[in-house]
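Scope of the values below: all heavy atoms of this structure, side chains included, with no hydrogens, waters or symmetry mates. Just so you know, ligand 1 is whichever comes first in the structure, and atom 1 is the first atom listed for that ligand. What you see is a predicted model, and the numbers here were worked out from it, not measured in a lab.
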Amino acid sequence: MTLIIDGKKLSNDIKNELLEKTTELIETTGVVPGLVVLQLGEDPASSVYVNSKQKTCKELGYHSIVHRIPAESSEEEVLSLVEKWNNDSTIHGILVQLPLPKHIDEQKVITTIDPNKDVDGFHPHNVGKLVIGLKGPIPCTPYGIVEMLKRYNIETSGKHTVVVGRSNIVGKPIANIMYQKKEYANSIVTICHSASKNISEFTKQADILIVAVGVPNLIKKEDIKEGVVIIDVGINRIDADNEKGYKIVGDVDYDDVFEKCSAITPVPGGVGRMTIAMLMQNTYNSAYEASKTI
Ligand code: GUN
């Protein structure tokens with residue numbers, strides 16, 4: 001029997017836990033977790049994510065700002081907004097929705113965010129902490145994956161984790177987490193990417209397979225071994241013969257691999273759901289740390 005790792009349920013559990021902790025934080029310290037999201041332009045997919053972040057903030061009683069500016073805005077304007085929020089004590093998390101337009105230096109923007117307010121965990125200071133195993137914000141999607149593995153009690157120690165994809169947002173951080181000498185990790189890790197000539201050669205060796213490349217239905221049953229745990233990070237829109245004219249699929253061909261794997265995250269209803277819950281967790285954590293200094 002294949003286990004379906006239910007991101008919808010887990011993310012609701014996490015949000016309920018956060019609602020309780022937030023209520024307590026507000027009652028005991030007066031600190032209301034505050035998150036600002038900056039979106040440049042009106043890319044529809046980004047707008048869906050940003051709106052959903054705002055809705056979740058409201059549900060949890062967070063102070064939430066969504067700041068939208070035109071895609072043509074200057075780098076200077078973005079940096080000055082970030083600096084303003086760095087100095088605003090009602091804001092504990094700053095998220096600049098990526099990707100940014102080409103005329104803006106993404107790394108410069110990320111590096112300008114106060115590392116204590118970096119709820120994405122993308123600042124080089126926090127990336128460094130993650131690599132050497134120090135406490136700090138974990139990028140939200142990898143954090144969501146870790147929580148899924150933990151809460152479903154999936155054994156990772158001594159197992160071979162294969163990560164497909166090397167993005168700064170998912171592939172690199174999750175690979176760096178999975179080999180840490182920690183109870184939910186301690187794996188042997190392989191990373192494959194676009195220069196891997198035959199990824200199947202690697203994916204077939206995986207006990208835990210994490211795929212984050214944005215290629216619909218890339219992984220088929222011939223690419224995996226019997227009993228693998230599959231974490232599918234892909235969220236791809238493909239044409240479909242239904243009312244909407246499209247459907248959302250992962251990077252793994254779910255129906256094809258289902259019988260062969262021991263556990264799998266569905267798309268939708270898997271990792272995507274967890275990302276926002278973990279953003280809320282990181283924002284709570286920042287607010288909690290800030291509450292200790294007042
Ligand atoms: N764009 C896609 N995923 C993310 C994310 O996790 N954080 C930010 N800031 N932008 C994204």
Side-chain angles (χ1 to χ4, degrees), residues 7 11 14 34-57 64-69 71 73 75 78-79 81-82 85-86 91-102 104-127 130 136-148 163 165-177 210-215 231-237 248 250-251 267-268 270-283 285-286:
S11 62
I14 292 167
L35 175 69
V36 60
V37 176
L38 176 63
Q39 184 185 358
L40 271 79
E42 283 163 17
D43 172 61
S46 291
S47 296
V48 170
Y49 291 129
V50 169
N51 292 340
S52 161
K53 285 164 190 166
Q54 186 172 35
K55 180 170 161 269
T56 313
C57 277
S64 157
I65 299 175
V66 171
H67 196 91
R68 288 191 166 95
I69 56 175
S73 306
E75 182 178 285
V78 172
L79 295 177
L81 281 169
V82 168
W85 294 320
N86 279 345
I91 297 295
H92 307 99
I94 301 171
L95 184 144
V96 179
Q97 186 67 26
L98 304 177
L100 288 173
K102 293 229 160 15
I104 296 181
D105 181 345
E106 209 159 272
Q107 276 311 315
K108 196 165 172 187
V109 173
I110 291 170
T111 311
T112 303
I113 296 172
D114 178 343
N116 293 316
K117 298 190 179 189
D118 169 33
V119 282
D120 264 325
F122 293 163
H123 191 292
H125 176 89
N126 291 322
V127 175
L130 180 132
I138 301 172
C140 305
T141 302
Y143 195 1
I145 296 172
V146 168
E147 283 300 315
M148 287 176 137
V163 178
R166 56 174 159 185
S167 70
N168 290 347
I169 296 181
V170 185
K172 282 184 197 140
I174 193 64
N176 277 285
I177 289 167
I210 302 174
V211 192
V213 280
V215 179
I231 307 289
D232 187 355
V233 183
I235 301 178
N236 310 294
R237 191 188 265 220
I248 302 294
D251 292 351
V267 178
V271 176
R273 288 277 185 153
M274 298 297 287
T275 301
I276 292 185
M278 302 331 289
L279 172 65
M280 298 299 131
Q281 179 74 60
N282 277 341
T283 305
N285 293 350
S286 286

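Remark: Lys117 pairs with no residue by the side-chain hydrogen bond (donor to acceptor under 3.5 Å, both in side chains) rule, at least two apart or across chains. Residues satisfying the salt bridge (Lys or Arg N to Asp or Glu O under 4.0 Å) criterion with Glu106, sequence neighbours excluded, are absent altogether. The side-chain hydrogen bond (donor to acceptor under 3.5 Å, both in side chains) test applied to Glu75 returns Lys108, not counting sequence neighbours.
How far CG of Asp114 is from CH2 of Trp85: 14.0 Å, rounded to the nearest 0.5 Å.
There is no side-chain donor-acceptor pair under 3.5 Å between Glu42 and Ser47.
The protein residues lying under 4.0 angstrom from ligand 1, judged by non-hydrogen atoms, are Leu95, Val96, Gln97, Leu98, Asp120, Phe122, Ile169.
Using a 4.5 Å heavy-atom threshold, the side chains of Leu35 and His92 count as separate.
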